[in-house]
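Below is one structure, written out as structure tokens; the observations come after it.
A note on names: the letters A, B, ... follow the listed sequences, proteins ahead of strands, and every chain is numbered from 1.
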There are 2 protein chains.
Amino acid sequence: MVTDPNKATRKPRADSLRNRERLLAAAAEIFRAGGPEASLEAVARRAGVGIGTLYRHFPTREALFEAIYRREVEQLAGLAEALAKSEPPFRALRLWLHAGVRLTATKRGMLTALTLAIDKSSEIYAFSSAQLTLALGVLLRRASAAGEVRGDVEPEDVLQALVGLSLMGRQEDWETNVIRLVDIFVDGLRAAAPLPADAVAG
Amino acid sequence: MVTDPNKATRKPRADSLRNRERLLAAAAEIFRAGGPEASLEAVARRAGVGIGTLYRHFPTREALFEAIYRREVEQLAGLAEALAKSEPPFRALRLWLHAGVRLTATKRGMLTALTLAIDKSSEIYAFSSAQLTLALGVLLRRASAAGEVRGDVEPEDVLQALVGLSLMGRQEDWETNVIRLVDIFVDGLRAAAPLPADAVAG
DNA sequence: AATTATACGGAGGGTCCCTCCGTTTTCAAG
DNA sequence: CTTGAAAACGGAGGGACCCTCCGTATAATT
């Protein structure tokens, strides 16, 4: 009667699913406002569930981050494909990076959270790295094949640059500024080939 | 007799100075090991003083960070002058940035701490910004005057890029990697005039 | 030695973390 | 529809921290 591995799994309980959803919504809200160190008990309160329920669904703070962040990452990854089909190579690359900046602009608090999370459990890192690396890889190889970008740079590198640059801004015109920096970086990618000292390609 | 330069203010108490020093040493140790969220009570314990003493000397966690970090910053700022005298412009700029990377490599935990601190109190940000901006400004203007670097970039921007890029790495060959990224960025700076707006146009 | 400005230590009230377990709800078999 | 048990729920409770407050101790000055 004991182990029947393949069969007879009960349908997941409705309240469980509902609560999980509520928790995610509440958490997104709370973290967005209060930063990555906001109280989990506050999250539970806002979700209208007991603290025990929160911990059953998300055993660690990081698990909660992960669940929320995963969606964002998937969405950004999806954008890469779209751009690869609708835009010329270099432009696609640049636009994707801009989108990355913008995403982090909106989700700033969340991103800070991530820095912390990544420090500790590297599963999220593995996942998002994989997703985004793949997505960016497409754009990068495409641009490289078109001879618009140097060929010795891996998606991981560009990704690191993107996140790093995005993580900094504190001032008013934050987003604009970061985009400038990203563009400078992209220019650096472009310059790769032995560039004649004088020329400015018209 | 001895000196009374400005006012009849009492000499600071010896135990106060001693405790302040002990606290700084203990804090550096504890934070280095336990990250920016380590317990302040643990710091006090290790310093062998009461928790009240800690709070009197450093009213906030950030104040503690600031005190520790200030030294590092001053040191790095000093390096800029030295390089400006001993190296050719572009090379000086590049070397300084490399040194920046390396400093953060050693003090990684501390730097993470800083990201948090900066989020909250911006005094440290103001101070270190000022120091480093000044230092970097020298190098940048020099390189720009020599025509080796585009002229429309402010030290603040490059600084942000440096810190951002440095903040990311997680892997083995972290330092090498970041230095590569910094170099790519610097290449981007070098490209005299930005290319015509073939893309972008948000 | 006496005075007094300063600094010290740590108890105390509050929040948060996370576990544990008695109670409630949901599913599905009869 | 009943009913029993699997699955989920809520929240009390012990421990760690945070930070304030204030009576006590001590260094500088007279």
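- For the side-chain hydrogen bond (donor to acceptor under 3.5 Å, both in side chains) test, residues two or more places apart in sequence or in another chain that qualify with B:Arg94 are B:Asp183.
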Practice item. Begin with the C-alpha distance, continue with both residues' side-chain angles, and end with the deciding distance and a verdict on side chain to side chain contact (heavy atoms under 4.5 Å, CB included) for B:Phe58 and B:Leu40. Key: CA-CA 10 Å; B:Phe58 307 101; B:Leu40 294 187; over 6 Å; no
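- Every residue meeting the side-chain contact (heavy atoms from CB on, under 4.5 Å) condition with B:Ala38, not counting sequence neighbours, appears here in chain and number order: B:Ile30, B:Phe31.
- Each of B:Tyr55 and B:Ala14 lies near DNA chain D, and the nucleotide nearest B:Tyr55 is the one positioned closer to the 5' end.
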Polar atom pairs between nucleotides 6-10 of chain D and protein, under 3.5 Å, N or O only, would you list them?
residue	atom	partner	partner atom	Å
D:dA7	N3	A:Arg13	NH1	2.3
D:dA8	O4'	A:Arg13	NH1	3.2
D:dC9	OP1	A:Asn19	ND2	2.3
D:dC9	OP2	A:Arg56	NH1	2.4
D:dC9	OP2	A:His57	NE2	3.4
D:dG10	OP2	A:Gly50	N	2.8
D:dG10	OP2	A:Thr53	OG1	2.5

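- Contacts of B:Arg141 classified as salt bridge (charged side-chain N to carboxylate O under 4.0 Å, His left out), with partners at least two apart in sequence or in another chain: none.
- Residues forming a salt bridge (charged side-chain N to carboxylate O under 4.0 Å, His left out) with B:Arg13 (at least two apart in sequence, or on another chain): B:Asp15.
- By the side-chain hydrogen bond (donor to acceptor under 3.5 Å, both in side chains) test, B:Asp157 pairs with A:Arg180, sequence neighbours left out.
- When DNA chain C is scanned in the 5' to 3' direction for atoms under 4.0 Å from non-hydrogen atoms of chain B, the outermost contacting nucleotides are C:dT4 to C:dA11.
- In this structure, B:Arg45 has no side-chain hydrogen bond (donor to acceptor under 3.5 Å, both in side chains) partners at least two apart in sequence or on a different chain.
- Every salt bridge (charged side-chain N to carboxylate O under 4.0 Å, His left out) that B:Glu29 has, sequence neighbours left out, goes to B:Arg46.
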